[in-house]
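So the structure is just underneath, and the comments pick up after that.
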Amino acid sequence: MRSSSAERVLGLLREPPAEPDVAAGYLDLLGPSGRPSPSPVQSVMESAFLPQIYERVWRPVGFNLAKGWPIGPDTATEHAMTRDWLGLSQPGDAARPPAAVLDVACGPGNVTRALAEGVGPDGLVTGLDASETMLARAVADTPVPGPGDADVCYVRGDAVDLPFEDASFDAVCCFGAMYLFDDPWAALDGMARVLRRGGRLTILTSRRPIPLRTARIGGELIRRATGYTVFGDREVTRALADRGFTGIRQHRYPLMQVVGGRR
Ligand SMILES: C[S@@+](CC[C@H](N)C(=O)[O-])C[C@H]1O[C@@H](n2cnc3c(N)ncnc32)[C@H](O)[C@@H]1O
């Protein structure tokens, strides 16, 4: 991690550590003990194997099927839509905003890098994740920014208890992870808190395709057994409205949904 990026991200923290640990190429705020007892699905995210195949195999196959491939958006279309919903530019645009962007649960940095393509040279894109193996891959796969590029940096922290100051970011993204959080609504409170007024939030998460009580009970059993939450069609949009978001929009796919709004 470049020392200038580390300083910028330290400046966003509520409680900056006295001796920041950036030895692994990311700022580690969890330390060697990490978080206690991850759920069975989160244990997979913390394995050494998954980060090696995540971006090229797991993500495109699993997510594109869940989004209804070949009708649903592929990864490139999803990235372009996300930059648009977050008020960022597209690659090749003449002007790119100098935005501060947070990618919550960034995994190996696949979405973080796509967001950085829509941010200008004075911008800062921060990827946060709890998994050391995912972050190691994110650091290895993220090139050092050139003179015209945004800064990109990674933080090891807990998405359910975001370590940043209030109103630190212009845009917050949380893709493919809300269903893994032990308390997704506390995580959403944190995302709203760290967004500046007028800032934009976009979430890609699970979707329960059948709005029946039995499907809800089935979803609850899955959550208890694996730690994976399946969200109803109105649950996430309603949660954004409850937190004062406006301009709420939603794209529904067979097993996933993208929800966005403005703080
Ligand atoms: C499926 S990956 C998503 C990666 C990327 N955002 C994407 O859309 O492809 C889910 C990530 O969520 C992370 N995660 C789950 N619970 C977390 C938590 N409480 N705090 C931080 N990261 C968490 C996992 O470590 C994993 O890297």
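The structure displayed is predicted, hence computed values, not measured ones. Numbering of ligands and ligand atoms starts at 1, following listing order.
- Contact between Trp58 and ligand 1 is absent, with no heavy atom of the residue lying under 4.0 Å from the ligand.
- The minimum heavy-atom distance linking Phe181 with Met191 is given by the pair CE1-CE, 4.2 Å.
- Shown in contact with Gly157 at under 4.0 Å from a heavy atom are these atoms of ligand 1, numbered in order with element: 20 (N), 21 (C).
- Shown here for Leu88 and Leu115, the closest heavy-atom pair between the two residues is CD1-O, 3.9 Å.
- Counting heavy atoms from C-beta outward, Leu13 and Leu27 have side chains that approach closer than 4.5 Å.
- When Ala130, Cys174, Cys106 are checked for heavy-atom proximity to atom 21 (C) of ligand 1, Ala130 turns out nearest.
- Under 4.0 angstrom from ligand 1, there are no non-hydrogen atoms of Glu46.
- Ligand 1 places these atoms under 4.0 Å from at least one heavy atom of Gly176: 1 (C), 2 (S), 3 (C), 10 (C).
- Those atoms of ligand 1 that come under 4.0 Å of a heavy atom in Ala159, given as number and element, are 18 (C), 19 (N), 20 (N), 21 (C).
- Residues Leu195 and Phe245 form a side-chain contact, since some pair of their non-hydrogen atoms from C-beta on lies under 4.5 Å apart.
- Checked by distance only, ligand 1 and Asp103 stay at 3.5 Å or farther apart across all their nitrogen or oxygen atoms.
- Considering only heavy atoms from C-beta on, Arg113 comes within 4.5 Å of Glu55 through its side chain.
- The distance from ligand 1 to the heavy atoms of Leu180 drops below 4.0 Å at these ligand atoms: 10 (C), 12 (O), 15 (C).
- Of the candidates Pro16, Ser168, Cys153, Cys153 is the only one forming a side-chain contact (heavy atoms from CB on, under 4.5 Å) with Val9.
- Within the 4.5 Å cutoff, side-chain heavy atoms of Pro163 are placed close to those of Leu128.
- Across every non-hydrogen atom of Val119 and Ala150, the tightest pair is CG1-CB, 3.6 Å.
- Taking every heavy atom of Gly107 and a limit of under 4.0 angstrom, the matching atoms of ligand 1 come to 4 (C), 27 (O).
- Looking at ligand 1, you won't find any N or O of Val111 less than 3.5 Å from one of its N or O atoms.
- Close contacts between ligand 1 and Asp158 involve ligand atoms 18 (C), 19 (N), 20 (N) [criterion: under 4.0 Å to a heavy atom].
- Ligand 1 has a nitrogen or oxygen under 3.5 angstrom from a nitrogen or oxygen of Gln42.
- Between Tyr179 and Tyr228, the ring planes lie tilted relative to each other; the angle falls in the 30° to 60° range.
- Remark: distances from the non-hydrogen atoms of Ala187 to ligand 1 are all 4.0 Å or more.
- Classification of Arg196 and Asp170 as a salt-bridged pair holds, one side-chain N sitting under 4.0 Å from a carboxylate O.
- With ligand atoms numbered from 1 in the order given, ligand 1 contributes 12 (O) to contacts under 4.0 Å with heavy atoms of Ala177.
- Distances between N or O atoms of Val160 and those of ligand 1 include no value under 3.5 Å.
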